[in-house]
Student: 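Shown below is the structure under consideration.
Chain naming here is simple, since letters A, B, ... match the order of the sequence lines and numbering starts at 1 in each. Values below: every heavy atom of this structure, side chains too, minus hydrogens, waters and symmetry copies. Just so we're clear, the structure is a prediction, and the values are computed from it rather than from any experiment.
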Protein chains: 4
Amino acid sequence: MERIGFVGLGRMGRPMASNLVRKGFGLSVYDINPAAVRTLVEVGAKPANGVPGVVEGSDVIVTMLPSGIEVDAIANGPDGIFAHARSGQLVMDMSTIEPRTTDKLAAEAARRGLAFVDAPVGRLASHADRGESLFMVGGTEADFKRVLPLLQAMGTTIHHCGPAGSGIRTKLVNNLLAVASCQLNAEALALSQRLGLDLPKTLEVIHGTTATNGQLKLNWPGKVLAGDTAPGFSIDLAHKDLSLIIAAAQAETMALPMVAAAREAFTMARTAGHGGNDFSAIVDWFCSVSGAPKPRLREAD
Amino acid sequence: MERIGFVGLGRMGRPMASNLVRKGFGLSVYDINPAAVRTLVEVGAKPANGVPGVVEGSDVIVTMLPSGIEVDAIANGPDGIFAHARSGQLVMDMSTIEPRTTDKLAAEAARRGLAFVDAPVGRLASHADRGESLFMVGGTEADFKRVLPLLQAMGTTIHHCGPAGSGIRTKLVNNLLAVASCQLNAEALALSQRLGLDLPKTLEVIHGTTATNGQLKLNWPGKVLAGDTAPGFSIDLAHKDLSLIIAAAQAETMALPMVAAAREAFTMARTAGHGGNDFSAIVDWFCSVSGAPKPRLREAD
Amino acid sequence: MERIGFVGLGRMGRPMASNLVRKGFGLSVYDINPAAVRTLVEVGAKPANGVPGVVEGSDVIVTMLPSGIEVDAIANGPDGIFAHARSGQLVMDMSTIEPRTTDKLAAEAARRGLAFVDAPVGRLASHADRGESLFMVGGTEADFKRVLPLLQAMGTTIHHCGPAGSGIRTKLVNNLLAVASCQLNAEALALSQRLGLDLPKTLEVIHGTTATNGQLKLNWPGKVLAGDTAPGFSIDLAHKDLSLIIAAAQAETMALPMVAAAREAFTMARTAGHGGNDFSAIVDWFCSVSGAPKPRLREAD
Amino acid sequence: MERIGFVGLGRMGRPMASNLVRKGFGLSVYDINPAAVRTLVEVGAKPANGVPGVVEGSDVIVTMLPSGIEVDAIANGPDGIFAHARSGQLVMDMSTIEPRTTDKLAAEAARRGLAFVDAPVGRLASHADRGESLFMVGGTEADFKRVLPLLQAMGTTIHHCGPAGSGIRTKLVNNLLAVASCQLNAEALALSQRLGLDLPKTLEVIHGTTATNGQLKLNWPGKVLAGDTAPGFSIDLAHKDLSLIIAAAQAETMALPMVAAAREAFTMARTAGHGGNDFSAIVDWFCSVSGAPKPRLREAD
């Protein structure tokens with residue numbers, strides 16, 4: 001069994017490291033906060049003598065840090081991971097950071113004959129506590145297999161997303177939807193409250209339709225993602241609804257900042273000639289102005 | 001069985017009226033387009049002599065029109081529904097229009113001793129074809145019961161949302177999420193494409209998390225909607241993720257207009273002191289700046 | 001001297017009508033508020049018997065009303081202006097309303113052999129008090145000359161913008177800048193306050209540069225509006241500055257909603273390949289996505 | 001006369017350094033691009049042996065670099081400015097970078113007994129060519145006086161904005177308006193084009209009103225900045241105009257992303273109870289949600 005070094009024992013790192021110990025992995029740990037180290041030592045981890053100590057005593061070095069600044073410092077600093085690493089070791093960064101920092105880590109690891117995996121964490125801290133996290137992993141097939149036992153000790157859902165750097169990128173795409181949709185929910189529910197609607201009834205309705213983005217899961221694969229942009233419900237009609245929604249909010253003296261931005265986007269799509277297409281095909285318009293290829297699971301016949 | 005008058009035989013009205021005929025209702029119909037009338041006559045409806053003819057020959061008058069302008073003209077015009085209606089008749093508007101136009105219709109109907117129901121239609125035209133629409137209904141309990149058989153002939157899911165005017169308001173709240181989330185999906189998938197991710201894998205990840213707004217359904221009822229705003233994942237951390245997402249898009253020279261609006265909203269929430277709360281509690285902040293009461297299914301203990 | 005009928009004696013209409021009386025015009029006036037009528041009668045106007053009375057006793061009928069709804073009702077209502085007007089009369093609407101309502105008024109006037117002019121009002125109520133308003137006028141050359149003496153009695157700056165409908169359209173374009181720039185100022189000054197800068201010094205700097213949009217007046221005519229898009233300062237560099245500005249605001253936990261929207265726009269322009277052009281050429285990009293021809297005063301040699 | 005070291009000879013640095021030489025300053029220069037160094041040597045500068053050479057041979061060290069990354073590397077790197085600097089030297093960064101990077105430089109300079117000034121550059125590259133730049137300077141009174149002769153050799157307008165760090169902050173506030181207003185201009189002119197207005201006439205109107213932000217200069221000092229928020233033109237009326245403008249654009253199928261964001265901001269201000277105040281007082285609302293004190297030049301009586 002590989003020896004694990006773990007750097008970063010915060011709200012997420014602590015339970016993750018604990019679960020590794022609990023499942024039988026030998027762990028040497030480090031954190032700038034001695035109390036965090038003590039907590040891990042109490043459950044059976046070995047305190048390492050700083051980052052160099054972590055690197056010296058492990059085959060796999062895991063980092064779980066607040067931001068790219070800390071990861072960069074701990075990896076590339078004068079007394080950091082790369083300065084002490086030996087060929088054959090594997091570095092796995094599980095922090096949520098800028099993809100380009102991840103790319104730099106991967107390149108530096110490759111230059112030094114080290115393996116590198118990015119494996120940022122999904123779900124909440126409470127899931128991490130119970131060893132039920134989700135991981136989005138970037139790395140070679142071999143490196144993925146090497147870290148799989150560790151990930152299985154910390155979580156229940158593990159996605160191999162592609163080469164190094166694709167784990168963090170997938171997490172950002174995933175969280176774009178997860179986080180931004182909260183403000184969209186907020187705009188919908190605040191409007192509902194201002195319109196005097198009954199909350200449980202409104203939620204019952206919403207939860208029974210594709211309003212809560214069942215569309216991406218249920219409708220899009222058979223429509224735009226299959227190349228079928230014939231209107232079930234057109235961009236023009238969707239735009240009409242957004243206009244009614246904004247007018248209703250305005251009549252209540254209430255702002256809807258995300259919806260307003262969405263309406264401008266639908267308007268641009270109409271100006272560009274997409275108004276007659278299915279409203280899922282807004283993604284084709286947006287990919288075209290984003291310099292991205294159209295997203296297709298398969299082409300329509 | 002009540003006699004039905006149906007005004008407005010467009011892409012939605014036509015199959016809805018057809019389903020009423022098919023299920024045995026006596027229908028007199030009108031549309032400015034004679035061809036649309038003929039199609040209904042062929043399946044068994046009776047052509048009415050204009051709006052006055054529709055009103056004269058029916059107990060319940062249904063309108064399904066493109067916008068509030070047409071509804072207002074057909075209802076309030078010199079030769080319109082109200083000019084010819086008799087006490088005891090029921091008017092059911094199924095169009096998607098401004099709530100305040102609906103309110104005016106309801107008030108005018110009440111003034112004249114008529115019943116009024118608003119029942120806008122959910123789902124797609126193809127659902128209407130198969131009699132599988134969803135209806136969000138506003139009206140008294142008695143009026144709701146009166147129109148229920150009609151709605152059951154045209155659809156499979158029927159929500160009584162509250163008094164007159166609450167059907168159309170519920171539809172707007174529902175469609176806010178349904179439509180605006182499409183542009184949000186577009187931003188997520190365009191970013192995924194620009195980041196070079198594998199589309200099927202990305203969708204697999206997204207569909208397995210709460211990214212596609214499972215949060216509103218799965219997480220919010222036990223968190224903010226129950227008055228629990230303790231952070232599972234804080235607004236501060238959600239804002240950090242949005243900032244990483246925007247930075248990653250900027251690094252690809254790619255705009256994310258809705259996400260940018262969302263980030264500004266999260267920033268305002270932080271400025272207002274909500275940063276430490278659970279990210280679902282963004283709705284509490286937004287309700288506070290919207291002059292709306294906090295949305296609660298129940299209060300936390 | 002032509003007899004003037006004046007409908008609408010609110011905060012703007014009252015001083016405008018007063019100035020007409022003071023400069024010697026015979027005025028018959030009407031407002032739904034009798035107190036407003038009395039005020040005008042005290043300075044020498046004649047109270048008219050409703051809208052029909054105004055129309056009967058005048059050669060030129062002026063409307064100055066709160067919104068297009070009132071203008072439409074007073075012009076097109078059963079007892080409105082058009083119902084009573086005689087060929088040869090001129091209707092001048094000075095309200096700020098939707099251009100398409102203006103177009104309908106102009107078309108209806110033409111159909112009835114009436115002249116029509118739109119002449120919305122610029123500057124503040126205090127300017128109207130002193131007869132120092134600005135007018136943006138749409139109408140034929142002959143009709144413009146006919147109303148010029150009236151306008152000169154009420155204001156000091158009079159622009160003939162083009163045919164009927166171009167007065168109100170010009171006002172909307174003008175006020176887009178005048179009003180939206182206030183929120184932009186607000187974002188700049190709030191940032192300045194959060195950054196701890198000295199307000200008088202900051203304003204001194206801003207007022208000495210083209211920051212307060214001297215660019216449109218001083219730079220654009222010689223750059224993009226003359227077809228010269230070679231970079232004095234490129235869209236790429238302007239975008240870099242916007243990114244620094246947003247980052248500085250974020251570091252202060254402060255939102256900049258308009259600046260964020262501007263940054264997304266600059267980003268889209270870069271994605272579309274305009275990054276190397278002069279930052280004034282952002283208008284060329286935006287016209288291209290708006291389906292509008294490039295704005296040019298003359299072409300570059 | 002002080003000896004000057006100059007690092008960074010790009011599109012802006014080259015003419016700035018040339019002007020220093022031309023006005024008689026002794027200059028040792030460095031750039032990673034040898035051709036840029038040669039150009040300066042041809043006009044009389046001395047080529048330095050890297051950054052250490054620049055530091056060794058000068059009393060004042062000027063940096064003019066593309067971004068904070070380069071400034072940080074050149075200042076704090078192992079062979080950078082601070083590593084070689086002597087007490088009494090003055091470092092003047094003229095780059096446009098993040099204010100917090102500037103603060104770090106200032107703190108590090110102070111720690112080492114060096115003077116520090118930030119003096120980012122306003123106006124265009126063509127102004128720099130002619131020695132007509134504008135400088136926004138942060139530093140002590142003594143340090144400002146020390147660098148004044150250099151700045152006078154390179155520019156014509158020099159503002160001492162406050163202590164170290166206030167030069168770059170002032171530039172960001174200034175450029176917020178200068179750059180973001182370009183997209184606002186773009187939205188106004190594209191709308192004008194879509195509405196079929198005559199461009200020279202429209203510009204003539206705009207340039208004669210406060211549309212091009214004469215308000216900040218002409219109106220605000222006597223209104224909100226003096227504590228007078230009584231409405232000359234209210235936030236409610238300004239919001240009404242924005243709504244008409246957006247409706248007019250929507251009628252042309254045309255997006256106005258910044259105006260839409262502005263309208264949402266005005267709506268929030270109305271929700272918060274500011275609707276009856278003068279439209280310049282939008283800044284008071286925005287400062288309140290930004291955690292900033294109200295901007296006041298003096299209080300109203």
Side-chain angles (χ1 to χ4, degrees), chain A residues 98-99 122 124 159 161-162 169-170 172-186 188-195 197-199 201-202 205-207 209-213 216-217 232-233 238 241-242 245 248 254 257-259 261-262 265 279 282-283 286-287 290 292-293 295, chain B residues 99 122 124 159 161-162 169-170 172-186 188-195 197-199 201-202 205-207 209-213 216-217 232-233 238 241-242 245 247-248 254 257-259 261-262 265 279 282-283 286-287 290 292-293 295:
Chain A
E98 308 74 21
L124 305 177
H159 294 284
C161 300
R169 285 175 168 85
T170 301
L172 292 187
V173 170
N174 183 77
N175 281 22
L176 183 162
L177 287 169
V179 171
S181 64
C182 285
Q183 171 61 16
L184 200 58
N185 293 341
L189 294 193
L191 179 61
S192 174
Q193 299 281 93
R194 284 297 299 273
L195 292 175
L197 294 174
D198 180 66
L199 182 61
K201 171 52 78 176
T202 302
V205 173
I206 288 172
H207 293 335
T209 73
T210 55
T212 42
N213 214 354
L216 183 58
K217 191 166 189 172
F233 183 66
D241 279 8
L242 288 175
I245 290 156
M254 183 191 152
M258 276 186 85
V259 175
F279 75 142
I282 193 82
V283 72
F286 193 66
C287 280
S290 301
Chain B
L124 305 177
H159 294 285
C161 300
R169 284 175 167 85
T170 301
L172 292 187
V173 170
N174 183 78
N175 281 23
L176 184 163
L177 288 169
V179 171
S181 64
C182 286
Q183 171 60 17
L184 200 59
N185 293 341
L189 294 194
L191 179 59
S192 173
Q193 299 280 95
R194 284 297 299 273
L195 292 174
L197 294 173
D198 180 66
L199 182 61
K201 173 51 79 177
T202 302
V205 173
I206 289 173
H207 293 334
T209 72
T210 56
T212 43
N213 214 354
L216 182 58
K217 192 166 189 173
F233 183 67
D241 278 8
L242 288 175
I245 291 157
M254 184 191 150
M258 275 187 85
V259 176
F279 75 142
I282 192 84
V283 72
F286 193 67
C287 281
S290 300

Student: Side chains of A/Cys182 and B/Phe286: closer than 4.5 Å at any heavy-atom pair?
Tutor: no

Student: Quick one: closest heavy-atom pair of A/Cys287 and B/Gln193, and the distance?
Tutor: SG-CG, 4.4 Å

Student: Could you measure the distance from the CG atom of A/Leu177 to the CG atom of B/Leu191? Nearest 0.5 Å is fine.
Tutor: 10.0 Å

Student: Between the side chain of B/Arg194 and the main-chain N/O of A/Ser290, is any donor-acceptor distance below 3.5 Å?
Tutor: yes

Student: Under a 4.5 Å heavy-atom cut-off, does chain B meet the side chain of A/Leu242, its backbone, both or neither?
Tutor: side chain

Student: I need the residue from A/Ala238, A/Ala261, A/Ala188 with the largest number of non-hydrogen atom pairs under 4.5 Å to chain B.
Tutor: A/Ala188

Student: Quick one: CG on B/Leu176 to CD1 on A/Ile206, what's the gap to the nearest 0.5 Å?
Tutor: 8.5 Å

Student: Less than 4.5 Å to any heavy atom of chain B: does that hold for the side chain of A/Met254, its backbone, both, or neither?
Tutor: side chain

Student: Shorter than 4.5 Å, heavy atoms on both sides: which option in A/Asp198, A/Val205, A/Val259 has the most such pairs with chain B?
Tutor: A/Val205

Student: A/Gly162, A/Cys161, A/Gly122: which one forms the most heavy-atom pairs within less than 4.5 Å of chain B?
Tutor: A/Cys161

Student: When heavy-atom pairs shorter than 4.5 Å are enumerated against chain A, which of B/Leu124, B/Leu189, B/Leu197 gives the highest number?
Tutor: B/Leu197

Student: For B/Leu184 and A/Ser181, work out which heavy atoms get closest and say how close.
Tutor: CD2-N, 3.8 Å

Student: For B/Ala248, give me all partners under side-chain contact (heavy atoms from CB on, under 4.5 Å), at least two apart in sequence or on another chain.
Tutor: A/Pro99, A/Leu172

Student: What are the two closest heavy atoms between B/Ala262 and A/Met258, and how far apart are they?
Tutor: CB-SD, 3.7 Å

Student: Let me confirm one number: the CG-OG1 distance from A/Asn175 to B/Thr209, rounded to the nearest 0.5 Å.
Tutor: 7.5 Å

Student: Quick one: NE2 on A/His207 to CG on B/Leu216, what's the gap to the nearest 0.5 Å?
Tutor: 4.5 Å

Student: Heavy atoms only, distances under 4.5 angstrom: which of B/Pro257, B/Pro295, B/Ala292, B/Gly232 has the most pairs with chain A? Name it, please.
Tutor: B/Pro295

Student: Atom CD1 in B/Ile245, atom CD in A/Glu98: separation rounded to 0.5 Å?
Tutor: 12.0 Å

Student: For A/Phe279, what residues pass the ring pair (Phe, Tyr, Trp, His ring centres under 6.0 Å) criterion, not counting sequence neighbours?
Tutor: A/Phe233

Student: I want to check something: taking the side chain as every heavy atom from C-beta on, are A/Asn185 and B/Val283 in contact at a cut-off of under 4.5 Å?
Tutor: no

Student: Heavy-atom distances under 4.5 Å only: say whether A/Leu195 touches chain B with side chain, backbone, both or neither.
Tutor: both

Student: Please classify the contact of A/Lys217 with chain B as side chain, backbone, both or neither, using a heavy-atom distance under 4.5 Å.
Tutor: both

Student: Drop me the distance from A/Asn174's CG to B/Asp241's CG, to the nearest 0.5 angstrom.
Tutor: 10.0 Å

